[in-house]
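Every number for a ligand or one of its atoms is a count from 1 in the order of the listing.
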Amino acid sequence: MLAVDKQSSEFLYRQVIDLIAENIESGALRPGDRLPSLRRMSVRIGVSIPTVRQAYIELERQRRVESRPQSGFYVRGIAGNPLVRPSPPDADRLAQPVSVSGISLMERVYDAIHQPDVVPFGIANPCMARPAAKSLNRAMKRVMSRAEERSITYAPTHGDPTLRRQIAYRYLDTVGSTIEPANICVTNGGQEALLIALQAVANKGDIIAVESPTYHGLLELIDSLGMLAIEVETCPEDGVMLDSLRETLKAHPVSACLFSTTLNNPLGASMSEKNRKELVEIIDQNGIPLIEDDVYGELLFSGHRPKPAECYSKSGRILTCGSFSKTAAPGYRIGWLVAGKYMEKVKRLKRSYSCSSGLLQQLTLSEFLASGDYDRYLHMLRPALQCNAERMRSLVAQHFPKETRTSNPVGGSVLWLELPGDISAENLFDDAIEAGISTAPGSIFSPCNCYHNFVRLSFGHPWSSKIEESIAWLGARVQHQLNG
Ligand SMILES: Cc1ncc(COP(=O)(O)O)c(C=O)c1O
């Protein structure tokens with residue numbers, strides 16, 4: 001119970017510190033939880049606001065809580081060991097273009113995610129931490145009552161004009177950049193945007209530079225198009241290492257680069273503004289296109305949306321892929337491609353693959369954005385994800401062997417763990433799935449199967465005791481493997 005003793009010789013702010021500490025120790029306050037506001041706390045325990053503030057600031061100095069701008073003070077988790085930079089185990093192996101391997105393991109990972117009642121640590125699905133289903137359903141009903149026959153017909157090939165306008169407006173509103181609606185092609189999710197972008201700029205046998213590690217779905221695309229991938233060292237904090245990129249471009253005839261400038265999946269790394277500008281310079285100097293995977297652009301915990309590299313380029317050689325899958329509704333399968341000078345080719349490819357994307361979903365998302373509900377939803381989703389990230393990192397630090405290294409994502413919905421010793425994340429995947437827990441083993445994030453002792457765990461779920469027990473189970477299993 002919260003109480004202070006005004007007769008005690010102990011300073012009041014010290015007593016407030018002890019109260020918070022007791023509540024953290026008892027588990028009443030957990031990592032990621034927000035402390036009561038200064039005003040509320042001061043009323044509840046009958047001390048002044050400056051006294052509460054002094055206590056919170058001291059707790060922050062002790063690194064037990066952190067303050068977040070315009071939001072309040074939050075309980076910090078146990079951080080564990082950070083990933084070292086750069087994280088790839090074997091830089092020499094990365095230096096050659098390769099055909100993608102490990103496709104059958106990717107298939108098993110996908111199958112596992114969709115097993116009934118499985119704990120879905122293997123899928124990056126941020127929206128499920130706080131699904132927007134009710135408000136999207138309401139938006140869809142409004143659309144259906146207005147649109148009638150129109151809601152079941154074909155959309156224009158490159159997308160409904162109102163949605164393209166909303167997407168363009170959002171770039172203006174969040175990063176202050178002008179993207180013309182006519183330069184946007186609506187696609188079936190980010191995945192089709194990536195597929196079309198790759199086809200627009202490269203051919204079978206061409207070499208594509210990717211981050212190491214990188215999103216496995218994109219490796220599958222490179223494989224299905226008969227292209228080769230070359231990995232570029234990527235830092236857990238700053239994203240692609242630009243010196244390594246320069247070396248790669250000097251040594252190999254790379255046809256295109258495919259990078260996530262904001263929130264690499266699985267590292268959670270984001271490039272600084274300076275590095276984005278430098279990346280654009282490198283791209284321009286070498287005269288090659290950059291496909292920018294920006295599907296996580298809106299999911300930094302801070303709410304700040306970095307400018308896509310696209311906004312720094314005048315060459316028209318950057319194609320930016322976006323999606324509503326990570327920020328609203330993965331099942332709607334609506335993404336987009338800002339296509340630069342490749343727009344005509346992109347439209348042709350889109351027409352030949354799928355004619356157009358679902359109109360009802362496009363109109364619904366357009367309504368969702370226009371009503372302001374999208375913004376309101378993201379304001380709730382980001383803190384929910386940040387809270388989950390804090391909790392998951394703490395539980396990993398508690399239950400996994402102490403040598404385990406953990407990423408510190410600044411947004412998104414995944415943690416990337418480096419397991420100690422020679423532990424096989426693929427064996428862990430097999431054992432875990434027997435226990436009803438899906439994971440994403442590290443080797444699927446590398447075309448040449450690096451990262452066999454890494455695992456990606458998703459925290460994009462409503463938090464529950466089952467989630468906590470499953471993290472503890474995985475930690476115990478890794479410890480068991482380590483003990484041999
Ligand atoms: C980095 C990255 N790019 C693209 C995609 C594909 O997004 P969508 O579900 O919109 O096709 C994903 C999905 O997991 C992803 O993580």
Side-chain angles (χ1 to χ4, degrees), residues 106-107 109-110 112-114 120-129 131-132 136 159 163 167 184-198 208 210-224 229 231 234 239-240 257-271 290-300 306 308-309 319-338 350 353-354 357-358 361-362 365 385 407 409-416 438-440 442 444-447 456-461:
M106 289 180 201
E107 272 162 13
V109 172
Y110 276 114
I113 295 160
H114 294 291
F121 290 154
I123 185 169
N125 199 356
C127 301
M128 296 319 282
L136 277 162
L163 180 62
I167 294 170
I184 294 171
C185 177
V186 174
T187 57
N188 292 330
Q191 194 71 8
E192 193 187 50
L194 289 166
L195 169 71
I196 293 177
L198 273 169
I208 310 298
V210 298
E211 292 149 298
S212 181
T214 194
Y215 165 54
H216 52 85
L218 129 70
L219 295 176
E220 266 197 298
L221 278 179
I222 292 179
D223 174 66
S224 69
E231 292 178 73
T234 304
V240 162
C257 296
L258 205 172
F259 301 144
S260 289
T261 43
T262 304
L263 294 175
N264 156 293
N265 173 4
L267 281 175
S270 283
M271 296 181 88
L290 166 69
I291 301 170
E292 184 179 27
D293 185 348
D294 194 38
V295 301
Y296 292 102
E298 296 245 35
L299 280 192
L300 287 186
L319 301 98
T320 300
C321 304
S323 176
F324 290 110
S325 302
K326 307 298 175 187
T327 54
Y332 280 19
R333 309 304 305 132
I334 299 293
W336 66 91
L337 182 53
V338 183
K350 170 67 187 168
Y353 285 138
S354 51
S357 297
Q361 289 85 341
Q362 293 188 53
L365 285 166
L385 288 168
S407 63
V410 289
S413 67
V414 294
L415 275 194
W416 179 238
S438 85
T439 59
I444 64 172
F445 298 90
S446 153
R456 190 195 72 180
L457 299 181
S458 161
F459 50 80
H461 329 279

For atom 12 (C) of ligand 1, the protein heavy atom that lies nearest, with its residue and separation:
Y215 CZ, 3.4 Å
Identify, for atom 14 (O) of ligand 1, the protein heavy atom at the shortest distance, and state residue, atom and that distance.
K326 NZ, 2.6 Å
Taking N or O atoms only and a 3.5 Å limit, does D293 qualify as a polar contact for ligand 1?
yes
Looking only at N/O atoms, are L194 and ligand 1 under 3.5 Å apart anywhere?
no
What atoms of ligand 1 come closer than 4.0 angstrom to any heavy atom of G189?
10 (O), 11 (O)
Atoms of ligand 1 under 4.0 Å from any heavy atom of S325, numbered from 1 in the order shown, are 8 (P), 9 (O), 10 (O)
Using non-hydrogen atoms of the residue, decide whether Y296 is closer than 4.0 angstrom to ligand 1.
yes
Can you find a non-hydrogen atom of R333 under 4.0 Å from ligand 1?
yes
On the 0 to 90° scale, with breaks at 30° and 60°, tag the H216-F445 ring pair as parallel, tilted or perpendicular.
perpendicular
Strictly by modelled atom types, are [X] and [Y] linked by a side-chain donor-acceptor pair under 3.5 Å?
{"X": "T214", "Y": "E231", "result": "no"}
{"X": "S357", "Y": "K350", "result": "yes"}
{"X": "E211", "Y": "T234", "result": "no"}

Calculate, to the nearest 0.5 Å, the distance between atoms OG and CG belonging to S224 and L195 respectively.
6.5 Å
Is there a donor-acceptor pair under 3.5 Å between the side chain of R456 and the backbone N or O of G122?
yes
